[in-house]
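In what follows, a single structure is set out as structure tokens and then discussed.
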Amino acid sequence: MSQIAITVDGQPQSVAADQRPTHLFAENKEIVVCKINGVLRDLWTDLSEGDVVESVSISSPEGLAVLRHSTAHVMAQAVQQVFAQTRLGIGPPITDGFYYDFDPQVPFTPDDLEKVESAMRKIVKEGQRFRRRVTSETEALVELAHEPYKCELIGLKGPAGEEASVEVGGSELTIYDNLGRDGQPVWSDLCRGPHLPSTKHIPAFKLMRTAGAYWRGSEKNPMLQRIYGTAWPSQDELNAYLELLAEAEKRDHRRLGQELDLFSFPEEIGSGLAVFHPKGGIIRRAMEDYSRKRHEDEGYEFVYSPHLTKAALFQKSGHLDWYSEGMYPPMIMDEELHADGTIKRPGQQYYMKPMNCPFHNLIFQSRGRSYRELPLRLFEFGTVYRYEKSGVLHGITRARGFTQDDAHIYCTKDQMPGELDSLLTFVLNLLRDYGLEDFYLELSTRNPEKSVGADEDWEEATEALRKAALAQNLELVLDEGGAAFYGPKISVQAKDAIGRTWQMSTIQVDFQLPQRFELEYAAADGSRQRPVMIHRALFGSIERFFGVLTEHYSGAFPPWLAPVQAIAIPVADVYTDYLIDVVKQLKAAGIRADIDASDDRMQKKVRNAQMQKIPFMLIAGEEDMKAGAVSFRYRNGDQKNGVPIKDAIAEISQAVSDRVQV
RNA sequence: GCCUCCUUAGCUCAGUGGUAGAGCAGCUCACUUGUAAUGAGCAGGUCAUCCGUUCAAAUCGGAUAGGGGGCUCCA
């Protein structure tokens, strides 16, 4: 047997020519795939002289993707075993798992998932080898004649891997065969690979749910049935993932909104339209009050605008042309009809506002503006209504009526970079005050085919945004071509307590509206100039931010936001009067305090307060009363006994004014 | 909007063709115990709504409304 010289994980080696990576890494079961000359390949790939081979562990991002992709294959094989007439769509790995789209004869039921899962376990146990086979377009079309969706993909495989996906793309068309114990193919799928060496390298997986999904992601296409699954390098990691999902469910703002009596969606009002209950109202007002104060300090001026407007305003802004399907339909007022039903006098159309900017532009325009007034920063808690498609509504984070903390900044071109820079700093600091700490930024740039405005304006604004972003020393992700047609934007992405990312604030430069509204100011030389307009929202929507904070804190709001900051619990009835007096003192100090004077046992009251996630419990019995003190129980179960009333008030007040979490 | 699942007491849920059940919450009474559930009793539902099938419907079928999970969308 001849020898070839190769490099394995940086070490030069001479190996027999029939050796494959699977042999090189045979001792390490963690190695499930490899890179040959920088390209991710199967461990069964033939090696040639001079190849540089790098091992890829199942726990690396690339290894995980291969694991999940291979598990998707196993699922597809199992589905076709259980439901023979099912046609295949696509099945890529995704974050934390995979999916595969199918066109079954009848949609899957939860029972079906169990059947598929047990068929999968058999396949995994059998240890079927994944074998890569190069084919041609013609051959593949014959072989896969019974898989119409696969044939469509083959047809889409343009030159040089255009439309590349996990199925097709790259220079070759390949099919992966799953080989049974006897080495004969038992199942095949059009696929680019690579894959695990065999199905027994799948340590832990679970099918999660079924869902509908449009073929190739377009609502014009037929809807397929998608099965989502997850796969992990070990059972422990799978369990940890399932626990994370359970934790996320526990902190779901819709559930907590109910449990903590914060808000609800009465059916009588309509989908996506929330009412805030007193406790939710306290949180919301605390959020708003603080935001107001900070905006005031930052030089914003507060304005108000109506919820309704005549159609002309949104015609002028262009919203009726582009977004009318996202708006509530018009109300027609003062129309007069003839007896035969024909129109005698046409009525006026009024719309609920889906955004506030046109109103702010009218305020800008209400009189002549001088450069001395700029930057002019107009702020409003503006409630808007958008007719979101029924399927997208999600609690309070995606609703049909919501309130934006909306501001528009009108400034000169020269002022724009400085304004963007200070704005971004302001935004991030304010988010930090609300308890979010972990951010990255996303810069959305121009899509040349869908945009208006001069190239140099875009260039200038994009650079100003980029500079402002870089100055924050945060990770900056480029969203190429992701800008709205009217200008580039930066969005702030925040990670919550369990690592989920939420898009929070946006800062957007607009070249379109100042033009459509013909906004002008008088410059120092007396000429008339068009201002630059910056849209920005910190919370995006107050309701949405409320929902995000609820999930971030899991309902255990920091004292400054908590609806009830302290609750007094007497050990027995006879100490109630003493605590009523303590609560009076707390209230006098501006603390939202209450007493639980019900018939319940003290232990029950502690439990209730704990479930309401009240930050401070103040307990008093004989000892405390004699000493003029109270005993703290904190949310984490810790206690501090015999605290003089004055000290207790000071401690709570301090926690509130510092806006710390406890 | 599309696919799919769901809707029973204030909340969480049992109940798959023979005219409704539990726990918690609520109310009443008794009890008063130092850090996560005291006990007893009472009350509470035209089984989301409407239409149909059936001798008989919470249960089967359809429509509507609301909700969950996805897809598409998010100015």
Side-chain angles (χ1 to χ4, degrees), chain A residues 99 101 103-104 106-110 208-228 249 252 254-255 258-259 261 264-272 314 317-327 354-358 384 386-395 397-400 402 404 483-487 489 503 506 508 510 512-513 535 540-541 544 569-576 598-612 617-625 630-635 637-642:
Chain A
Y99 66 80
D101 287 343
D103 186 3
V106 287
F108 302 115
T109 67
M208 305 302 289
R209 65 175 75 89
T210 60
Y214 296 111
W215 168 238
R216 298 186 54 231
S218 166
E219 46 185 337
K220 294 187 182 73
N221 287 339
M223 181 151 288
L224 304 182
Q225 295 297 311
R226 174 171 297 179
I227 302 181
Y228 283 95
E249 201 180 318
D252 190 311
R254 292 164 302 180
R255 176 185 174 137
Q258 157 98 275
E259 286 173 2
D261 196 12
S264 61
F265 288 90
E267 216 179 300
E268 292 83 342
I269 301 178
S271 268
F314 287 119
S317 69
H319 291 107
L320 271 176
D321 296 337
W322 313 314
Y323 306 116
S324 56
E325 85 288 357
M327 293 166 66
M355 46 187 17
N356 305 299
C357 7
V384 298
R386 299 180 182 180
Y387 198 77
E388 303 284 4
K389 291 183 186 177
S390 61
V392 307
L393 298 173
H394 184 85
T397 59
R398 192 86 187 268
R400 283 183 173 158
F402 56 93
Q404 297 180 308
F485 67 93
Y486 52 78
K489 75 169 176 196
Q503 178 177 321
T506 58
Q508 193 145 14
D510 187 343
Q512 174 79 358
L513 280 185
H535 305 249
S541 104
R544 182 181 140 83
I569 298 176
V571 166
D573 222 13
V574 288
Y575 313 109
T576 302
S598 70
D599 283 351
D600 289 328
R601 295 286 188 275
M602 176 202 58
Q603 286 87 341
K604 181 69 173 290
K605 294 180 183 182
V606 168
R607 177 183 149 85
N608 286 343
Q610 196 80 47
M611 290 199 306
Q612 285 299 304
M617 288 176 223
L618 300 177
I619 296 168
E622 190 63 27
E623 283 171 42
D624 281 308
M625 188 168 76
V630 290
S631 291
F632 274 96
R633 178 186 162 103
Y634 301 95
R635 273 193 296 221
D638 286 355
Q639 45 178 299
K640 185 156 78 182
N641 298 331

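In the text below, chain A, chain B and the rest are named by the order of the sequence lines, each starting its count at 1.
Applying the 4.0 Å criterion to OP1 and OP2 of B:rG34, one finds that A:S631 has every side-chain N and O outside that range. Using a 4.0 Å cut-off, some side-chain N or O of A:R254 falls inside it from OP1 or OP2 of B:rG69. A:K604 has no side-chain polar atom (N or O) that falls below the 4.0 Å cut-off from OP1 or OP2 of B:rC31. Proximity of A:T210 to the phosphate of B:rU4: no side-chain N or O atom is located under 4.0 Å from OP1 or OP2. Phosphate proximity of B:rG67 to A:H394: absent, as no side-chain N or O sits under 4.0 Å from OP1 or OP2.
Residues A:M611 and A:E259 form no side-chain contact, since every pair of their non-hydrogen atoms from C-beta on lies 4.5 Å or further apart. Side-chain contact between A:Q612 and A:D261 is absent, with no heavy-atom pair separated by less than 4.5 Å. Between A:C357 and A:L513 there is a side-chain heavy-atom pair separated by less than 4.5 Å.
B:rA43 and B:rG1 are spaced 44 Å apart, taking the P atom of each and rounding to whole Å. Between the C1' atoms of B:rG26 and B:rG69, the separation comes to 34 Å (whole Å). Rounded to whole Å, the P atom of B:rC13 lies 14 Å from the corresponding atom of B:rG68. B:rC42 and B:rC6 are spaced 33 Å apart, taking the C1' atom of each and rounding to whole Å. Comparing B:rA48 with B:rU59, their P atoms sit 8 Å apart, to the nearest whole Å. Atom P of B:rA57 sits at a distance of 13 Å from the matching atom of B:rC51, rounded to the whole Å. B:rA63 sits 15 Å from B:rU53 when the C1' atoms are compared, rounded to a whole Å. Atom name P, nucleotides B:rU64 and B:rG10: the rounded distance is 27 Å, in whole Å.
When the P atom of B:rU4 is taken as reference, atom CE of A:M223 falls 9 Å away, rounded to whole Å. B:rU72 atom C1' lies 13 Å from atom OH of A:Y99, rounded to whole Å. Atom CD in A:Q612 sits about 16 Å away from atom P in B:rA37, given to the nearest Å. Between the CZ atom of A:R398 and the C1' atom of B:rU72 there is a distance of 10 Å, given to the nearest Å. Atom NZ in A:K389 sits roughly 17 Å away from atom P in B:rG66 (whole-Å rounding). Straight-line distance from the CD atom of A:E268 to the C1' atom of B:rU49: 12 Å, rounded to whole Å. Regarding A:D261, its CG atom lies at a distance of 16 Å from the C1' atom of B:rC24, rounded to whole Å. With rounding to whole Å, A:M208 atom CE is found 19 Å from B:rG68 atom P.
Between A:R386 and A:F265, the residue anchored closer to the 5' end of RNA chain B is A:F265, taking for each the nucleotide with the nearest heavy atom. Mapping A:V571 and A:A213 onto RNA chain B via the closest heavy atom, the residue that lands nearer the 5' end is A:V571.
Among the atoms of the strands shown, base atoms are found under 4.0 Å from some heavy atom of A:P354. Nucleic acid contact class of A:N608 (heavy atoms, under 4.0 Å, all strands): none. A:E259 comes within 4.0 angstrom of nothing in the nucleic acid, heavy atoms only. Residue contacts shown for A:G270 are absent, as no nucleic acid heavy atom lies under 4.0 Å away. In this structure, A:S390 reaches the bases: a heavy-atom distance under 4.0 Å links it to at least one base atom across the strands shown. Within the 4.0 angstrom heavy-atom criterion, base atoms lie near A:R633. Note on A:M602: only backbone sugar-phosphate atoms sit closer than 4.0 angstrom, heavy atoms only; bases stay farther off. Within the nucleic acid shown, A:D600 has no heavy atom closer than 4.0 Å to any nucleic acid atom. A:Y486 comes within 4.0 angstrom of sugar-phosphate atoms only, judged by non-hydrogen atoms across all strands, and of no base. Within the 4.0 angstrom heavy-atom criterion, only backbone atoms of the sugar-phosphate kind lie near A:Q225; the bases stay farther away. Among the protein residues, A:A211 comes within range of the nucleic acid bases, having at least one heavy atom under 4.0 Å from a base atom. As judged by a 4.0 angstrom heavy-atom cut-off over every strand, A:Y228 is placed among residues touching the sugar-phosphate backbone only. No contact: A:S218 has no heavy atom under 4.0 Å from any strand. Using a 4.0 Å heavy-atom cutoff across all strands shown, A:V606 reaches sugar-phosphate atoms only and no base atom.
Using cut-offs of 30° and 60° for the angle between ring planes, the A:W322 and A:F485 rings count as perpendicular. Classification of the A:Y323-A:H319 ring pair by plane angle, with boundaries at 30° and 60°, yields tilted.
Side-chain proximity of A:Q603 to the nucleotides B:rG69, B:rU35, B:rG1 is greatest for B:rU35. The side chain of A:R607 lies closest to B:rA37 when the candidates are B:rU4, B:rG66, B:rA37. The side chain of A:E622 approaches B:rG34 more closely than any other nucleotide in the set B:rG34, B:rA65, B:rG69. When each of B:rG66, B:rU35, B:rU32 is scored by its nearest atom to the side-chain atoms of A:E267, the top-ranked nucleotide is B:rG66.
Checked by atom type and distance alone, the side chain of A:R633 never pairs as donor or acceptor with a backbone atom of A:Q639 at under 3.5 Å. In terms of modelled atom types and a separation under 3.5 Å, the side chain of A:K489 and the main chain of A:H535 share no donor-acceptor contact. No side-chain donor-acceptor contact under 3.5 Å links A:Q225 to the backbone of A:D101.
Side-chain atoms of A:Y214 and base atoms of B:rG1 include a donor and an acceptor less than 3.5 Å apart.
Figure legend. B:rG18 is base-paired to B:rC55; pairs are counted as Watson-Crick or G-U wobble with both atom distances under 3.5 Å. Across all strands shown, the partner of B:rA30 is B:rU38, judged by Watson-Crick or G-U wobble contacts whose two distances both fall under 3.5 Å. Across all strands shown, B:rG23 forms a Watson-Crick or G-U wobble pair with B:rC11, both key distances being under 3.5 Å.
Between the CG atom of A:N641 and the CD1 atom of A:I619 there is a distance of 8.5 Å, given to the nearest 0.5 Å.
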